[in-house]
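The structure displayed is predicted, hence computed values, not measured ones. Just so we're on the same page: letters track the sequence lines, and every chain starts at 1.
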Amino acid sequence: MPEPLGPDTLDGIMVSPKPRVRFAPSPTGELHVGGARTALFNWLFARKHRGVFLLRFEDTDVERNRPELVEPILESLRWLGLEWDEGPYFQSQRLELYREYAQKLWEEGKAYPCYCTPEELEAKRRQALAEKRTPRYDGTCRHLTPEERRRFEAEGRRPALRFVSPGEGTTVVEDVVRGPVEFRNEEIDDFILVRSDGRPTYNFAVVVDDLTMGITHVIRADEHLKNTPKQILIYRALGAELPVFAHVPMVLAKDRTKLSKRHGATAVFEYRERGILPEALVNYLARLGWSYGDQEIFSREELIEKFSLEGIHPSPAIFDEEKLLWLNQHYLKTGDPQRLGRLVREFALKRGFLAEEEAEEIPEERWARAVELFRERKRTLVELAEAAVPLLTERVEYDAKAVTKFLTSEKAALLQELSGHLESVPNSEWTAERLEREIRGWLAERGRELKELAQPCRVALTGVTRGPGLFETLEFVGKERTLRRLRQAPQASPPSPAGS
RNA sequence: GGUCCCAUCGUCUAGUGGCCUAGGACGCUGGUCUCUCAAGCCGGAAACAGGGGUUCGAAUCCCCUUGGGACCGCCA
(Lines give C-alpha, C1' and ligand atoms only; values in the text may rest on other atoms or scores of the structure.)
Protein backbone atom coordinates (compact mmCIF):
# COMPACT_ATOMS: atom_id res chain seq x y z
CA MET A 1 0.00 0.00 0.00
CA PRO A 2 1.68 3.26 -1.04
CA GLU A 3 1.76 6.07 1.47
CA PRO A 4 -0.78 8.79 0.88
CA LEU A 5 0.63 11.91 -0.68
CA GLY A 6 -1.10 14.30 1.70
CA PRO A 7 0.44 16.09 4.71
CA ASP A 8 2.08 13.91 7.35
CA THR A 9 1.58 14.32 11.04
CA LEU A 10 4.17 13.84 13.69
CA ASP A 11 2.86 13.58 17.25
CA GLY A 12 -0.26 15.25 16.03
CA ILE A 13 1.65 18.22 14.67
CA MET A 14 1.33 18.83 10.98
CA VAL A 15 4.61 18.61 9.16
CA SER A 16 5.22 19.18 5.48
CA PRO A 17 4.72 16.14 3.33
CA LYS A 18 7.75 14.27 2.17
CA PRO A 19 9.11 16.21 -0.75
CA ARG A 20 8.81 14.58 -4.12
CA VAL A 21 11.02 15.89 -6.87
CA ARG A 22 11.75 14.80 -10.38
CA PHE A 23 14.28 14.97 -13.13
CA ALA A 24 12.57 15.01 -16.50
CA PRO A 25 14.90 14.81 -19.48
CA SER A 26 13.74 14.38 -23.02
CA PRO A 27 15.56 11.60 -24.86
CA THR A 28 16.81 13.80 -27.67
CA GLY A 29 20.49 13.78 -26.75
CA GLU A 30 22.97 12.46 -24.26
CA LEU A 31 22.89 13.73 -20.71
CA HIS A 32 24.96 16.90 -20.73
CA VAL A 33 26.57 18.56 -17.76
CA GLY A 34 23.81 21.14 -17.38
CA GLY A 35 21.17 18.44 -17.16
CA ALA A 36 23.39 16.47 -14.82
CA ARG A 37 23.57 19.43 -12.49
CA THR A 38 19.79 19.83 -12.51
CA ALA A 39 19.46 16.14 -11.72
CA LEU A 40 22.05 16.48 -8.96
CA PHE A 41 20.24 19.37 -7.31
CA ASN A 42 17.01 17.41 -7.37
CA TRP A 43 18.70 14.34 -6.00
CA LEU A 44 20.44 16.28 -3.23
CA PHE A 45 17.21 17.94 -2.25
CA ALA A 46 15.40 14.63 -2.09
CA ARG A 47 18.14 12.93 -0.08
CA LYS A 48 18.47 15.82 2.31
CA HIS A 49 14.78 15.87 3.12
CA ARG A 50 14.36 12.12 2.90
CA GLY A 51 12.02 12.62 0.03
CA VAL A 52 11.53 10.88 -3.28
CA PHE A 53 13.54 11.48 -6.43
CA LEU A 54 11.82 10.27 -9.54
CA LEU A 55 12.65 10.07 -13.19
CA ARG A 56 10.40 10.88 -16.08
CA PHE A 57 11.14 10.93 -19.77
CA GLU A 58 9.40 13.67 -21.71
CA ASP A 59 9.08 11.87 -24.97
CA THR A 60 5.94 13.21 -26.59
CA ASP A 61 7.82 14.57 -29.57
CA VAL A 62 7.82 11.53 -31.83
CA GLU A 63 9.98 13.17 -34.48
CA ARG A 64 12.92 14.08 -32.29
CA ASN A 65 12.51 11.35 -29.77
CA ARG A 66 15.25 8.70 -29.76
CA PRO A 67 14.38 5.73 -27.57
CA GLU A 68 17.90 4.34 -27.87
CA LEU A 69 19.09 7.33 -25.85
CA VAL A 70 17.09 6.39 -22.76
CA GLU A 71 19.53 3.78 -21.53
CA PRO A 72 22.62 5.98 -21.96
CA ILE A 73 20.93 8.72 -19.93
CA LEU A 74 20.11 6.23 -17.19
CA GLU A 75 23.68 4.98 -17.34
CA SER A 76 25.02 8.51 -16.93
CA LEU A 77 22.88 9.04 -13.87
CA ARG A 78 23.98 5.72 -12.39
CA TRP A 79 27.59 6.59 -13.02
CA LEU A 80 27.14 9.85 -11.15
CA GLY A 81 25.53 7.93 -8.32
CA LEU A 82 22.18 9.68 -8.67
CA GLU A 83 19.96 6.69 -8.09
CA TRP A 84 16.26 7.30 -8.47
CA ASP A 85 13.46 6.06 -6.28
CA GLU A 86 10.66 5.89 -8.83
CA GLY A 87 10.35 5.52 -12.53
CA PRO A 88 11.48 6.04 -15.10
CA TYR A 89 8.05 7.06 -16.28
CA PHE A 90 7.40 7.77 -19.92
CA GLN A 91 4.97 10.41 -21.06
CA SER A 92 4.36 8.41 -24.20
CA GLN A 93 2.75 5.75 -22.00
CA ARG A 94 0.46 8.15 -20.20
CA LEU A 95 -1.48 9.55 -23.14
CA GLU A 96 -4.80 8.34 -21.77
CA LEU A 97 -4.25 10.37 -18.63
CA TYR A 98 -3.62 13.60 -20.52
CA ARG A 99 -6.70 12.93 -22.59
CA GLU A 100 -8.81 12.71 -19.43
CA TYR A 101 -7.53 15.98 -18.09
CA ALA A 102 -7.96 17.66 -21.49
CA GLN A 103 -11.51 16.39 -21.62
CA LYS A 104 -12.19 17.88 -18.22
CA LEU A 105 -10.84 21.27 -19.20
CA TRP A 106 -12.86 21.24 -22.39
CA GLU A 107 -16.07 20.31 -20.63
CA GLU A 108 -15.55 23.10 -18.14
CA GLY A 109 -15.08 25.63 -20.91
CA LYS A 110 -11.42 26.17 -19.99
CA ALA A 111 -10.19 24.90 -23.31
CA TYR A 112 -11.53 24.88 -26.85
CA PRO A 113 -10.83 23.16 -30.15
CA CYS A 114 -8.86 25.09 -32.71
CA TYR A 115 -9.05 24.23 -36.41
CA CYS A 116 -6.36 26.55 -37.64
CA THR A 117 -3.76 24.67 -39.66
CA PRO A 118 -0.06 24.91 -38.92
CA GLU A 119 0.30 26.64 -42.29
CA GLU A 120 -2.26 29.31 -41.40
CA LEU A 121 -0.61 29.87 -38.05
CA GLU A 122 2.82 30.08 -39.58
CA ALA A 123 1.61 32.72 -42.05
CA LYS A 124 0.17 34.80 -39.24
CA ARG A 125 3.32 34.41 -37.23
CA ARG A 126 5.43 35.63 -40.10
CA GLN A 127 3.19 38.58 -40.69
CA ALA A 128 3.33 39.58 -37.04
CA LEU A 129 7.10 39.39 -37.13
CA ALA A 130 7.16 41.49 -40.30
CA GLU A 131 5.07 44.12 -38.56
CA LYS A 132 7.35 43.88 -35.54
CA ARG A 133 4.59 42.55 -33.34
CA THR A 134 5.00 39.69 -30.92
CA PRO A 135 3.41 36.66 -32.56
CA ARG A 136 0.54 35.44 -30.50
CA TYR A 137 -2.48 33.36 -31.33
CA ASP A 138 -5.33 35.70 -32.30
CA GLY A 139 -8.14 33.63 -30.88
CA THR A 140 -9.76 32.90 -34.25
CA CYS A 141 -11.32 29.63 -33.07
CA ARG A 142 -12.20 30.73 -29.58
CA HIS A 143 -15.76 31.68 -30.40
CA LEU A 144 -16.61 29.30 -33.18
CA THR A 145 -20.30 28.48 -33.49
CA PRO A 146 -21.31 24.81 -33.49
CA GLU A 147 -22.08 25.17 -37.21
CA GLU A 148 -18.60 26.45 -37.96
CA ARG A 149 -17.09 23.62 -36.05
CA ARG A 150 -19.17 21.11 -37.92
CA ARG A 151 -18.06 22.63 -41.18
CA PHE A 152 -14.40 22.28 -40.24
CA GLU A 153 -14.99 18.72 -39.09
CA ALA A 154 -16.71 18.00 -42.39
CA GLU A 155 -13.61 19.27 -44.17
CA GLY A 156 -11.73 16.62 -42.30
CA ARG A 157 -9.78 19.03 -40.08
CA ARG A 158 -8.59 17.59 -36.80
CA PRO A 159 -8.60 20.23 -34.07
CA ALA A 160 -5.93 21.02 -31.55
CA LEU A 161 -7.05 21.91 -28.05
CA ARG A 162 -6.23 25.40 -26.85
CA PHE A 163 -6.23 26.79 -23.35
CA VAL A 164 -8.45 29.75 -22.54
CA SER A 165 -5.97 32.29 -21.24
CA PRO A 166 -7.21 35.10 -19.01
CA GLY A 167 -5.75 37.85 -21.19
CA GLU A 168 -5.63 40.28 -18.31
CA GLY A 169 -4.20 40.51 -14.83
CA THR A 170 -0.86 39.08 -13.82
CA THR A 171 0.55 35.73 -12.87
CA VAL A 172 3.32 35.68 -10.30
CA VAL A 173 5.84 32.88 -10.10
CA GLU A 174 7.15 32.62 -6.56
CA ASP A 175 10.55 31.25 -7.35
CA VAL A 176 12.82 30.09 -4.55
CA VAL A 177 16.01 31.24 -6.20
CA ARG A 178 14.71 34.44 -7.80
CA GLY A 179 11.88 35.61 -5.64
CA PRO A 180 8.61 36.72 -7.20
CA VAL A 181 8.63 37.06 -10.98
CA GLU A 182 5.65 38.80 -12.48
CA PHE A 183 4.16 38.09 -15.90
CA ARG A 184 1.34 40.03 -17.50
CA ASN A 185 -1.35 37.65 -18.65
CA GLU A 186 -1.85 39.59 -21.86
CA GLU A 187 1.53 38.20 -22.89
CA ILE A 188 0.15 34.70 -22.66
CA ASP A 189 -1.95 33.61 -25.62
CA ASP A 190 -4.32 30.70 -25.97
CA PHE A 191 -1.57 28.14 -26.18
CA ILE A 192 -2.08 24.58 -27.33
CA LEU A 193 -2.63 21.84 -24.76
CA VAL A 194 -3.22 18.93 -27.09
CA ARG A 195 -2.02 18.63 -30.65
CA SER A 196 -4.38 17.73 -33.44
CA ASP A 197 -3.02 14.18 -33.37
CA GLY A 198 -3.99 13.83 -29.72
CA ARG A 199 -0.53 14.13 -28.14
CA PRO A 200 -0.15 16.65 -25.33
CA THR A 201 2.28 19.53 -25.57
CA TYR A 202 5.05 20.00 -23.10
CA ASN A 203 3.38 22.55 -20.84
CA PHE A 204 0.26 20.47 -20.47
CA ALA A 205 1.93 17.10 -19.98
CA VAL A 206 4.28 18.55 -17.39
CA VAL A 207 1.45 19.90 -15.29
CA VAL A 208 -0.62 16.74 -15.46
CA ASP A 209 2.43 14.67 -14.59
CA ASP A 210 3.72 16.85 -11.79
CA LEU A 211 0.21 16.95 -10.39
CA THR A 212 -0.53 13.25 -10.57
CA MET A 213 2.94 12.28 -9.45
CA GLY A 214 2.59 14.45 -6.38
CA ILE A 215 5.61 16.61 -7.18
CA THR A 216 6.10 19.15 -4.41
CA HIS A 217 9.17 20.97 -5.69
CA VAL A 218 9.90 21.67 -9.30
CA ILE A 219 13.65 22.17 -9.60
CA ARG A 220 14.55 22.72 -13.23
CA ALA A 221 16.62 24.77 -15.64
CA ASP A 222 16.15 28.48 -16.00
CA GLU A 223 14.96 28.20 -19.58
CA HIS A 224 11.65 26.96 -18.22
CA LEU A 225 10.93 30.04 -16.14
CA LYS A 226 9.04 31.53 -19.07
CA ASN A 227 6.81 28.46 -19.22
CA THR A 228 5.93 28.60 -15.58
CA PRO A 229 3.11 31.18 -15.74
CA LYS A 230 1.40 29.04 -18.38
CA GLN A 231 1.75 26.04 -16.17
CA ILE A 232 0.44 27.93 -13.18
CA LEU A 233 -2.61 28.89 -15.20
CA ILE A 234 -3.23 25.22 -15.96
CA TYR A 235 -2.81 24.24 -12.32
CA ARG A 236 -5.42 26.85 -11.40
CA ALA A 237 -7.80 25.75 -14.14
CA LEU A 238 -7.49 22.24 -12.75
CA GLY A 239 -8.14 23.53 -9.25
CA ALA A 240 -4.81 22.13 -8.10
CA GLU A 241 -2.29 23.37 -5.60
CA LEU A 242 0.98 24.77 -6.86
CA PRO A 243 4.32 23.10 -6.22
CA VAL A 244 7.32 25.14 -5.11
CA PHE A 245 9.34 26.36 -8.08
CA ALA A 246 13.10 26.70 -8.19
CA HIS A 247 14.72 27.66 -11.47
CA VAL A 248 18.40 27.03 -11.54
CA PRO A 249 20.59 29.20 -13.72
CA MET A 250 22.06 27.86 -16.91
CA VAL A 251 25.49 26.40 -17.35
CA LEU A 252 27.28 28.41 -20.01
CA ALA A 253 30.34 27.78 -22.15
CA LYS A 254 33.41 29.98 -22.07
CA ASP A 255 31.89 32.34 -24.65
CA ARG A 256 28.91 32.86 -22.34
CA THR A 257 26.44 31.15 -24.60
CA LYS A 258 24.45 28.02 -23.94
CA LEU A 259 26.73 25.01 -23.76
CA SER A 260 26.58 23.05 -27.00
CA LYS A 261 28.47 20.55 -29.12
CA ARG A 262 30.68 23.15 -30.74
CA HIS A 263 32.11 23.95 -27.32
CA GLY A 264 33.75 20.54 -27.05
CA ALA A 265 32.90 18.11 -24.31
CA THR A 266 29.42 18.64 -22.93
CA ALA A 267 28.11 15.14 -22.29
CA VAL A 268 28.66 13.39 -19.00
CA PHE A 269 29.97 10.41 -20.94
CA GLU A 270 32.70 12.46 -22.55
CA TYR A 271 34.07 13.36 -19.16
CA ARG A 272 33.90 9.77 -18.05
CA GLU A 273 35.83 8.72 -21.13
CA ARG A 274 38.46 11.33 -20.46
CA GLY A 275 39.13 9.78 -17.07
CA ILE A 276 37.19 12.13 -14.84
CA LEU A 277 36.01 10.54 -11.60
CA PRO A 278 32.28 10.75 -10.87
CA GLU A 279 32.92 12.21 -7.43
CA ALA A 280 34.94 15.00 -9.03
CA LEU A 281 32.22 15.84 -11.53
CA VAL A 282 29.59 15.75 -8.81
CA ASN A 283 31.64 18.00 -6.55
CA TYR A 284 32.34 20.39 -9.41
CA LEU A 285 28.74 20.53 -10.61
CA ALA A 286 27.42 21.06 -7.11
CA ARG A 287 29.72 24.00 -6.60
CA LEU A 288 28.78 25.52 -9.95
CA GLY A 289 26.02 27.97 -9.12
CA TRP A 290 25.74 26.81 -5.56
CA SER A 291 27.99 27.52 -2.61
CA TYR A 292 28.34 26.91 1.06
CA GLY A 293 30.64 29.60 2.41
CA ASP A 294 34.18 29.14 1.19
CA GLN A 295 34.12 25.38 1.06
CA GLU A 296 35.34 23.80 -2.17
CA ILE A 297 35.60 20.10 -1.40
CA PHE A 298 32.46 18.22 -0.51
CA SER A 299 31.91 14.54 -0.01
CA ARG A 300 28.60 13.19 -1.17
CA GLU A 301 27.40 13.06 2.44
CA GLU A 302 28.45 16.66 3.06
CA LEU A 303 26.60 17.80 -0.02
CA ILE A 304 23.44 16.14 1.18
CA GLU A 305 23.86 17.66 4.60
CA LYS A 306 24.65 21.17 3.39
CA PHE A 307 22.61 21.53 0.25
CA SER A 308 19.75 23.97 0.14
CA LEU A 309 17.73 25.62 -2.60
CA GLU A 310 18.48 28.98 -1.03
CA GLY A 311 22.18 28.46 -1.65
CA ILE A 312 21.64 28.41 -5.41
CA HIS A 313 22.78 31.56 -7.18
CA PRO A 314 20.55 33.42 -9.58
CA SER A 315 23.26 34.16 -12.12
CA PRO A 316 24.40 31.80 -14.85
CA ALA A 317 27.76 30.07 -14.44
CA ILE A 318 30.50 29.26 -16.89
CA PHE A 319 31.79 25.72 -17.02
CA ASP A 320 35.51 25.74 -16.21
CA GLU A 321 37.37 22.58 -17.15
CA GLU A 322 40.54 23.62 -15.38
CA LYS A 323 38.81 23.62 -12.05
CA LEU A 324 37.17 20.29 -12.79
CA LEU A 325 40.61 18.88 -13.55
CA TRP A 326 41.94 20.26 -10.29
CA LEU A 327 39.13 18.58 -8.38
CA ASN A 328 39.73 15.39 -10.30
CA GLN A 329 43.34 15.36 -9.23
CA HIS A 330 42.25 16.01 -5.69
CA TYR A 331 40.11 12.88 -5.77
CA LEU A 332 42.89 10.98 -7.50
CA LYS A 333 45.23 11.98 -4.70
CA THR A 334 42.86 11.06 -1.91
CA GLY A 335 41.02 8.09 -3.36
CA ASP A 336 41.50 4.42 -2.58
CA PRO A 337 44.44 3.15 -4.68
CA GLN A 338 42.90 -0.27 -5.15
CA ARG A 339 39.75 1.11 -6.67
CA LEU A 340 41.60 3.70 -8.73
CA GLY A 341 44.02 1.04 -9.87
CA ARG A 342 41.20 -1.04 -11.27
CA LEU A 343 39.89 2.01 -13.11
CA VAL A 344 43.33 2.83 -14.50
CA ARG A 345 43.67 -0.71 -15.76
CA GLU A 346 40.30 -0.41 -17.47
CA PHE A 347 41.35 2.80 -19.17
CA ALA A 348 44.70 1.42 -20.25
CA LEU A 349 42.89 -1.45 -21.91
CA LYS A 350 40.15 0.65 -23.42
CA ARG A 351 42.60 3.14 -24.88
CA GLY A 352 44.80 0.39 -26.24
CA PHE A 353 47.82 1.25 -24.08
CA LEU A 354 48.23 -2.45 -23.53
CA ALA A 355 46.66 -5.70 -24.64
CA GLU A 356 44.41 -7.99 -22.65
CA GLU A 357 47.14 -10.68 -22.43
CA GLU A 358 49.64 -8.21 -21.03
CA ALA A 359 47.14 -6.97 -18.48
CA GLU A 360 46.50 -10.49 -17.25
CA GLU A 361 50.09 -10.77 -16.09
CA ILE A 362 49.86 -7.65 -13.97
CA PRO A 363 48.54 -8.19 -10.45
CA GLU A 364 46.02 -5.75 -9.00
CA GLU A 365 48.59 -4.54 -6.46
CA ARG A 366 50.81 -3.26 -9.23
CA TRP A 367 48.04 -1.06 -10.59
CA ALA A 368 47.31 0.29 -7.14
CA ARG A 369 50.96 1.08 -6.63
CA ALA A 370 51.11 2.79 -10.03
CA VAL A 371 48.28 5.02 -8.88
CA GLU A 372 50.26 5.97 -5.79
CA LEU A 373 53.31 6.79 -7.86
CA PHE A 374 51.58 8.92 -10.45
CA ARG A 375 48.56 10.50 -8.88
CA GLU A 376 50.35 13.62 -7.77
CA ARG A 377 51.42 14.33 -11.29
CA LYS A 378 48.43 13.37 -13.38
CA ARG A 379 44.98 14.87 -13.54
CA THR A 380 42.94 12.16 -15.22
CA LEU A 381 42.74 8.39 -15.25
CA VAL A 382 43.74 8.38 -18.90
CA GLU A 383 46.91 10.37 -18.25
CA LEU A 384 47.67 8.11 -15.35
CA ALA A 385 47.19 4.95 -17.39
CA GLU A 386 49.37 6.28 -20.18
CA ALA A 387 52.17 7.15 -17.80
CA ALA A 388 52.04 3.87 -15.89
CA VAL A 389 52.13 1.48 -18.83
CA PRO A 390 55.88 1.81 -19.62
CA LEU A 391 56.69 0.79 -16.06
CA LEU A 392 54.24 -2.09 -16.04
CA THR A 393 54.93 -3.62 -19.42
CA GLU A 394 57.56 -4.00 -22.08
CA ARG A 395 56.08 -1.06 -23.93
CA VAL A 396 58.51 1.82 -23.54
CA GLU A 397 58.56 4.59 -26.04
CA TYR A 398 61.77 6.52 -25.93
CA ASP A 399 61.34 10.22 -26.39
CA ALA A 400 63.88 11.25 -29.04
CA LYS A 401 64.72 14.54 -27.42
CA ALA A 402 65.21 12.93 -24.04
CA VAL A 403 67.49 10.31 -25.52
CA THR A 404 69.60 12.89 -27.31
CA LYS A 405 69.95 14.96 -24.21
CA PHE A 406 70.51 12.32 -21.55
CA LEU A 407 71.60 9.04 -23.13
CA THR A 408 74.95 10.18 -24.40
CA SER A 409 77.64 7.54 -24.83
CA GLU A 410 79.27 8.71 -21.63
CA LYS A 411 76.06 8.32 -19.65
CA ALA A 412 75.29 5.02 -21.34
CA ALA A 413 78.61 3.72 -20.12
CA LEU A 414 77.79 4.94 -16.65
CA LEU A 415 74.44 3.15 -16.75
CA GLN A 416 76.16 -0.04 -17.91
CA GLU A 417 78.44 0.17 -14.97
CA LEU A 418 75.57 0.84 -12.62
CA SER A 419 73.68 -2.16 -13.88
CA GLY A 420 76.69 -4.32 -13.09
CA HIS A 421 76.76 -2.99 -9.58
CA LEU A 422 73.02 -3.40 -9.03
CA GLU A 423 73.30 -7.03 -10.09
CA SER A 424 74.42 -7.79 -6.57
CA VAL A 425 71.25 -6.51 -4.95
CA PRO A 426 69.07 -9.53 -4.34
CA ASN A 427 65.55 -9.51 -5.67
CA SER A 428 64.13 -9.67 -2.18
CA GLU A 429 65.89 -6.45 -1.24
CA TRP A 430 65.03 -4.56 -4.38
CA THR A 431 63.39 -1.68 -2.54
CA ALA A 432 63.56 2.07 -2.90
CA GLU A 433 65.42 2.43 0.42
CA ARG A 434 68.02 -0.19 -0.35
CA LEU A 435 68.53 1.08 -3.89
CA GLU A 436 68.96 4.63 -2.68
CA ARG A 437 71.69 3.58 -0.22
CA GLU A 438 73.30 1.48 -2.86
CA ILE A 439 73.32 4.10 -5.57
CA ARG A 440 74.29 7.04 -3.37
CA GLY A 441 77.20 5.03 -2.02
CA TRP A 442 78.24 3.93 -5.47
CA LEU A 443 78.15 7.53 -6.71
CA ALA A 444 80.10 8.78 -3.71
CA GLU A 445 82.89 6.32 -4.41
CA ARG A 446 83.20 7.78 -7.85
CA GLY A 447 82.94 11.36 -6.73
CA ARG A 448 79.79 11.79 -8.76
CA GLU A 449 76.49 13.40 -7.91
CA LEU A 450 73.01 12.00 -8.16
CA LYS A 451 72.14 14.85 -10.50
CA GLU A 452 74.42 13.40 -13.15
CA LEU A 453 72.78 10.03 -13.04
CA ALA A 454 69.13 10.59 -12.25
CA GLN A 455 67.83 11.82 -15.59
CA PRO A 456 69.78 9.39 -17.78
CA CYS A 457 68.62 6.59 -15.57
CA ARG A 458 65.02 7.77 -15.64
CA VAL A 459 65.02 8.06 -19.41
CA ALA A 460 66.58 4.61 -19.81
CA LEU A 461 63.91 3.15 -17.58
CA THR A 462 60.81 4.98 -18.67
CA GLY A 463 61.58 6.72 -21.93
CA VAL A 464 60.68 10.14 -20.60
CA THR A 465 62.22 12.86 -18.44
CA ARG A 466 59.44 13.26 -15.95
CA GLY A 467 58.03 10.88 -13.43
CA PRO A 468 58.10 9.63 -9.87
CA GLY A 469 61.24 9.63 -7.72
CA LEU A 470 64.13 7.69 -9.19
CA PHE A 471 64.41 5.06 -6.46
CA GLU A 472 60.70 4.42 -6.33
CA THR A 473 60.75 4.04 -10.09
CA LEU A 474 63.61 1.57 -9.89
CA GLU A 475 61.79 -0.46 -7.28
CA PHE A 476 58.56 -0.43 -9.21
CA VAL A 477 60.11 -1.40 -12.53
CA GLY A 478 61.77 -4.36 -10.79
CA LYS A 479 65.26 -5.76 -10.90
CA GLU A 480 65.17 -7.78 -14.03
CA ARG A 481 63.52 -5.16 -16.20
CA THR A 482 65.64 -2.37 -14.73
CA LEU A 483 68.92 -4.07 -15.48
CA ARG A 484 67.82 -4.90 -18.98
CA ARG A 485 66.81 -1.33 -19.71
CA LEU A 486 69.95 0.12 -18.22
CA ARG A 487 71.93 -2.00 -20.66
CA GLN A 488 69.75 -1.87 -23.69
CA ALA A 489 68.32 1.62 -23.73
CA PRO A 490 68.91 3.46 -26.98
CA GLN A 491 71.84 5.80 -27.21
CA ALA A 492 72.11 9.26 -28.63
CA SER A 493 73.83 9.20 -31.98
CA PRO A 494 77.24 10.80 -31.56
CA PRO A 495 77.46 14.35 -32.84
CA SER A 496 78.70 14.34 -36.41
CA PRO A 497 82.31 15.47 -36.77
CA ALA A 498 81.26 18.17 -39.20
CA GLY A 499 79.12 19.61 -36.46
CA SER A 500 76.18 20.08 -38.82
C1' G B 1 11.97 43.37 -32.08
C1' G B 2 8.97 41.78 -27.57
C1' U B 3 9.08 39.42 -22.79
C1' C B 4 11.79 37.69 -18.75
C1' C B 5 16.33 36.82 -16.14
C1' C B 6 21.29 38.16 -14.65
C1' A B 7 25.63 41.59 -13.14
C1' U B 8 32.10 41.13 -7.06
C1' C B 9 39.18 39.25 -9.68
C1' G B 10 39.91 35.76 -16.50
C1' U B 11 36.56 31.68 -13.99
C1' C B 12 33.65 29.62 -9.55
C1' U B 13 32.43 32.37 -5.40
C1' A B 14 32.38 34.82 0.26
C1' G B 15 29.81 39.12 1.35
C1' U B 16 22.73 40.31 3.18
C1' G B 17 24.23 48.62 5.51
C1' G B 18 29.40 49.72 9.34
C1' C B 19 33.89 43.89 10.93
C1' C B 20 35.87 45.36 3.35
C1' U B 21 42.49 48.54 2.90
C1' A B 22 36.59 43.37 -0.46
C1' G B 23 38.03 37.12 1.77
C1' G B 24 38.64 31.98 -0.40
C1' A B 25 39.29 28.54 -4.65
C1' C B 26 40.86 27.41 -9.91
C1' G B 27 44.06 29.45 -13.35
C1' C B 28 48.38 32.79 -13.92
C1' U B 29 52.93 34.25 -11.54
C1' G B 30 57.61 34.73 -7.98
C1' G B 31 60.07 31.78 -4.34
C1' U B 32 60.99 27.25 -1.53
C1' C B 33 61.80 21.91 -1.51
C1' U B 34 64.48 18.80 -5.07
C1' C B 35 67.28 13.40 -9.01
C1' U B 36 63.06 15.27 -13.19
C1' C B 37 58.03 16.49 -13.34
C1' A B 38 54.50 17.13 -10.10
C1' A B 39 52.49 17.62 -5.28
C1' G B 40 53.23 20.55 -0.81
C1' C B 41 54.52 25.13 1.53
C1' C B 42 55.32 30.66 1.46
C1' G B 43 54.42 35.16 -1.49
C1' G B 44 52.32 38.27 -5.79
C1' A B 45 49.22 40.45 -9.68
C1' A B 46 43.96 40.37 -10.36
C1' A B 47 37.11 42.40 -9.14
C1' C B 48 32.38 45.38 -6.47
C1' A B 49 30.05 47.48 -15.00
C1' G B 50 28.74 53.10 -15.12
C1' G B 51 25.69 57.06 -13.28
C1' G B 52 22.20 58.93 -10.00
C1' G B 53 19.66 58.57 -5.41
C1' U B 54 18.39 56.66 0.05
C1' U B 55 21.55 56.83 4.52
C1' C B 56 25.78 59.49 9.44
C1' G B 57 27.62 55.28 6.43
C1' A B 58 26.75 51.34 0.64
C1' A B 59 29.66 45.75 -2.95
C1' U B 60 25.18 45.30 -0.02
C1' C B 61 18.61 49.07 -0.64
C1' C B 62 15.99 51.99 -4.97
C1' C B 63 16.08 54.08 -10.07
C1' C B 64 18.31 54.72 -14.85
C1' U B 65 22.04 53.36 -18.38
C1' U B 66 25.23 49.71 -20.28
C1' G B 67 26.54 44.80 -21.01
C1' G B 68 25.39 39.56 -21.11
C1' G B 69 21.87 35.53 -21.43
C1' A B 70 17.27 32.83 -22.14
C1' C B 71 12.56 32.39 -24.30
C1' C B 72 9.17 33.93 -28.05
C1' G B 73 6.52 26.39 -32.09
C1' C B 74 0.66 21.67 -32.90
C1' C B 75 9.97 21.42 -29.57
C1' A B 76 11.03 20.30 -24.78
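- A straight line from OH of A:Y98 to P of B:C74 spans 19 Å, rounded to a whole angstrom.
- Within a 6.0 Å radius of NZ in A:K479, more than 12 heavy atoms belonging to other residues, nucleotides or ligands are found.
- Among the heavy atoms of the strands, none lies under 4.0 Å from A:C114.
- Within the nucleic acid shown, A:R125 comes within 4.0 Å of sugar-phosphate atoms alone, with no base atom in reach, counting heavy atoms only.
- Using a cutoff of 4.0 Å between basic side-chain nitrogens and carboxylate oxygens, A:R434 and A:E438 are scored as salt-bridged.
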Strictly under 3.5 Å: I want the nitrogen or oxygen pairs between protein and nucleotides 5-10 of chain B, one per line.
residue	atom	partner	partner atom	Å
B:C5	O3'	A:R178	NH1	3.4
B:C5	O2'	A:R178	NH1	2.5

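- Aromatic pair A:F23/A:Y89: centroids not less than 6.0 angstrom apart.
- At a threshold of 4.0 Å, the pair A:D197-A:R199 counts as salt-bridged, since one of the basic side-chain nitrogens sits closer than that to a carboxylate oxygen.
- When the C1' atom of B:C74 is taken as reference, atom CD of A:Q91 falls 15 Å away, rounded to whole Å.
- The aromatic rings of A:F57 and A:F90 lie parallel to each other, their planes meeting at an angle below 30°, with 60° marking the opposite boundary.
- If you take CZ of A:R287 and P of B:G24, they are 14 Å apart, rounded to a whole angstrom.
- Here the C1' atom of nucleotide B:C74 and the CD1 atom of A:I192 are 4 Å apart, to the nearest Å.
- Separating the CD1 atom of A:I188 from the C1' atom of B:G2 is a distance of 14 Å, rounded to the nearest angstrom.
- Within 4.0 Å (heavy atoms only), A:E322 reaches sugar-phosphate atoms of the nucleic acid but no base atom.
- Within the 4.0 angstrom heavy-atom criterion, no nucleotide atom of any strand lies near A:K378.
- Between the side chains of A:E168 and A:N185, no donor N or O sits under 3.5 Å from an acceptor N or O.
- A:F23 places its CZ atom 16 Å from the P atom of B:A76, with the value rounded to the nearest Å.
- Between the C1' atom of B:A39 and the CG atom of A:L373 lies a distance of 13 Å, rounded to the nearest Å.
- Contacts of A:L121 with the nucleic acid, taken as non-hydrogen atoms under 4.0 Å apart, include base atoms.
- Cation-pi contact between A:R162 and A:Y137: present, with separation from the ring centre below 6.0 Å and deviation from the ring axis of at most 45°.
- A straight line from OH of A:Y292 to P of B:G23 spans 22 Å, rounded to a whole angstrom.
- Under 4.0 angstrom from either OP1 or OP2 of B:A14 there lies at least one side-chain N or O belonging to A:H313.
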